[in-house]
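I have placed the structure first, in the form of structure tokens, so that the comments after it can refer back to it.
Numbers restart at 1 for each chain; the letters A, B, ... are given by sequence-line order, proteins then strands.
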Amino acid sequence: MNRQSLLMNMFQAMLDTLGPSRWWPGETPFEVAIGAILTQNASWTNVEQAIANLKSAGLFAPKAMYDLPEARLAELIRPSGYFRLKAGRLKNLLGFLKAECGFDITALAGRDLPAMREKFLAVRGIGPETADSILLYALDYPTFVVDAYTRRLLTRHGLLPEEATYDEMREFFMDVLDPDPRLFNEYHALIVRTGKSWCKKATGRCEPCPLARFVP
DNA sequence: CTCCGGAGTG
DNA sequence: CACTCGGGAG
């Protein structure tokens, strides 16, 4: 079985078991981008609380957040963890948006993917996963998001070695899958949901896992 | 490899 | 109590 068939079969197996994910539904691209920073090594429930704080303070808007003192911003996003660090990273992202598109992130959609990816990666605090998350989930670019669960999936199934880099894992999918943002969106979401339920960090519960039959 | 950190889980 | 989370920088 070739790699494309294998990856599509795994996708279908997860979809059959879990159903569609509807990640980041009904949210604005701006909210997705902010969430992508806040969720770095943090659980999503904490991120929701941080965003709720910003909204209830009437400050959840690009310029308002950009003008906010960093210490005040940090207090509002405290529930997301690493709050001082992430306040600075949010400021970096907002400064980038101001310079690049006058705070209108939707203006960044539909451009050259590799060039736009490099621009986001040049922002301090935006690494490959955060960049790809914003490009895919906020701006609808066909880029594949690799995270800790994706790494576990690929290495535990013997598809790539432990030493594989982020970009190697990303290309493992992108080299053979249709560059469809809807597919990449759902695929990553399903990997995360499968990882949370079965592919735990210490030891996976492979028995009931929808991917159990895809053994090396 | 270490630091950054609150919140939920068991 | 220990462990983990929709990572990234120095």
Side-chain angles (χ1 to χ4, degrees), chain A residues 11 14-15 18-54 70-96 117-141 143-156 162-170 173 181 183-205:
Chain A
F11 174 80
M14 292 189 287
L15 187 60
L18 296 170
S21 305
R22 298 195 183 87
W23 262 20
W24 279 318
E27 299 179 2
T28 64
F30 174 69
E31 183 166 344
V32 174
I34 297 303
I37 298 270
L38 294 179
T39 198
Q40 289 172 353
N41 208 40
S43 65
W44 192 249
T45 54
N46 291 22
V47 175
E48 290 179 317
Q49 187 52 239
I51 291 178
N53 286 350
L54 290 166
E70 195 167 312
R72 172 100 170 92
L73 180 60
E75 282 310 309
L76 289 167
I77 65 168
R78 180 184 274 268
S80 73
Y82 304 126
F83 53 93
R84 298 181 193 86
L85 187 62
K86 287 176 180 177
R89 292 179 179 181
L90 288 178
K91 285 281 194 173
N92 294 343
L93 170 64
L94 292 161
F96 168 76
R117 189 168 189 265
E118 286 309 309
K119 288 198 174 197
F120 275 101
L121 286 174
V123 179
R124 317 275 264 128
I126 296 184
E129 182 180 342
T130 305
D132 285 326
S133 294
I134 294 172
L135 290 167
L136 175 64
Y137 286 98
L139 299 174
D140 213 37
Y141 282 91
T143 188
F144 203 93
V145 178
V146 174
D147 69 340
Y149 293 115
T150 313
R151 172 170 291 277
R152 259 178 244 166
L153 166 65
L154 293 177
T155 58
R156 288 181 176 177
E162 296 278 356
E163 321 80 63
T165 65
Y166 180 97
D167 286 334
E168 286 168 348
M169 295 196 166
R170 174 174 178 261
F173 292 90
L183 173 64
F184 291 177
N185 179 323
E186 186 61 54
Y187 210 133
H188 175 247
L190 286 169
I191 289 175
V192 172
R193 292 167 64 211
T194 300
K196 280 168 122 65
S197 298
W198 294 286
C199 209
K200 308 281 188 185
K201 187 170 187 178
T203 53
R205 297 167 42 231

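- To the nearest whole angstrom, the two P atoms, one in C:dG10 and one in B:dG5, are 14 Å apart.
- Side-chain atoms of A:N46 and A:S80 form no donor-acceptor pair, as typed in the model, at a separation below 3.5 Å.
- Between A:K201 and A:A131, it is A:K201 whose nearest contact on DNA chain C lies nearer the 5' terminus.
- With hydrogens and angles left out, the side-chain atoms of A:R89 and A:Q40 include a donor and acceptor closer than 3.5 Å.
- Between A:L94 and A:F30, the closest side-chain pair of non-hydrogen atoms falls below 4.5 Å.
- When rounded to the nearest whole Å, the span between CG of A:L38 and P of C:dC5 equals 18 Å.
- For the pair A:I37 CD1 and C:dG6 C1', the computed distance is 13 Å after rounding to whole Å.
- The nearest whole Å value for the distance from the CG atom in A:L121 to the C1' atom in C:dG7 is 13 Å.
- Counting only heavy atoms from C-beta outward, the side chains of A:C199 and A:T194 never approach each other to under 4.5 Å.
- In this structure, A:I51 places its CD1 atom 14 Å from P of C:dG6, rounding to the nearest Å.
- Taking the side chain as every heavy atom from C-beta outward, A:F11 and A:L15 approach each other to under 4.5 Å.
- Not counting sequence neighbours, the partners of A:W23 by the ring-ring contact (aromatic ring centres under 6.0 Å, His included) test are A:Y137, A:H188.
- Looking at heavy-atom distances under 4.0 Å, A:I126 makes contact with sugar-phosphate atoms alone, never a base.
- Rounded to a whole Å, the CD atom of A:E48 is 11 Å from the C1' atom of C:dG6.
- Taking atom CD of A:E129 as the reference point, atom P of C:dC5 lies 12 Å away to the nearest angstrom.
- Aromatic rings of A:F173 and A:F184 (six-membered ring for Trp) have centroids beyond the 6.0 Å cut-off, not under it.
- Using a 4.0 Å cut-off on heavy atoms, none of the residues of residues 185-196 of chain A approach DNA chain B.
- Rounded to a whole Å, the CH2 atom of A:W24 is 6 Å from the C1' atom of C:dG6.
- The side chain of A:Y166 places no N or O atom within less than 4.0 Å of a non-bridging phosphate oxygen (OP1 or OP2) of C:dG7.
- For the pair A:R78 and A:F83, the cation sits on the ring face: its NZ or CZ lies under 6.0 Å from the ring centre, inside 45° of the axis.
- Distance, A:I77 CD1 to C:dC5 P: 21 Å, rounded to whole Å.
- Straight-line distance between the P atoms of C:dG6 and B:dG10: roughly 14 Å, to the nearest whole Å.
- The two residues A:A131 and A:L121 have their closest heavy-atom pair at CB-CD2, 3.8 Å.
- For the residue pair A:S21 / A:E186, a side-chain donor-acceptor distance below 3.5 Å is found, with atom types taken as modelled.
- The gap from the C1' atom of B:dC4 to that of C:dC1 amounts to 22 Å, rounded to the nearest Å.
- In this structure, A:C199 and A:T130 both approach DNA chain C, and ranking their closest nucleotides by distance from the 5' end singles out A:C199.
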Practice prompt. Produce a footprint string for nucleotides 1-6 of chain B: one letter per nucleotide, 5' end first; B if the base is under 4.0 Å from any protein heavy atom, S if only the sugar-phosphate is, - if neither.
Written response: ---BBB

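- Counting only heavy atoms from C-beta on, A:D147 has its side chain closest to C:dG6 among C:dC5, C:dG6, C:dG8.
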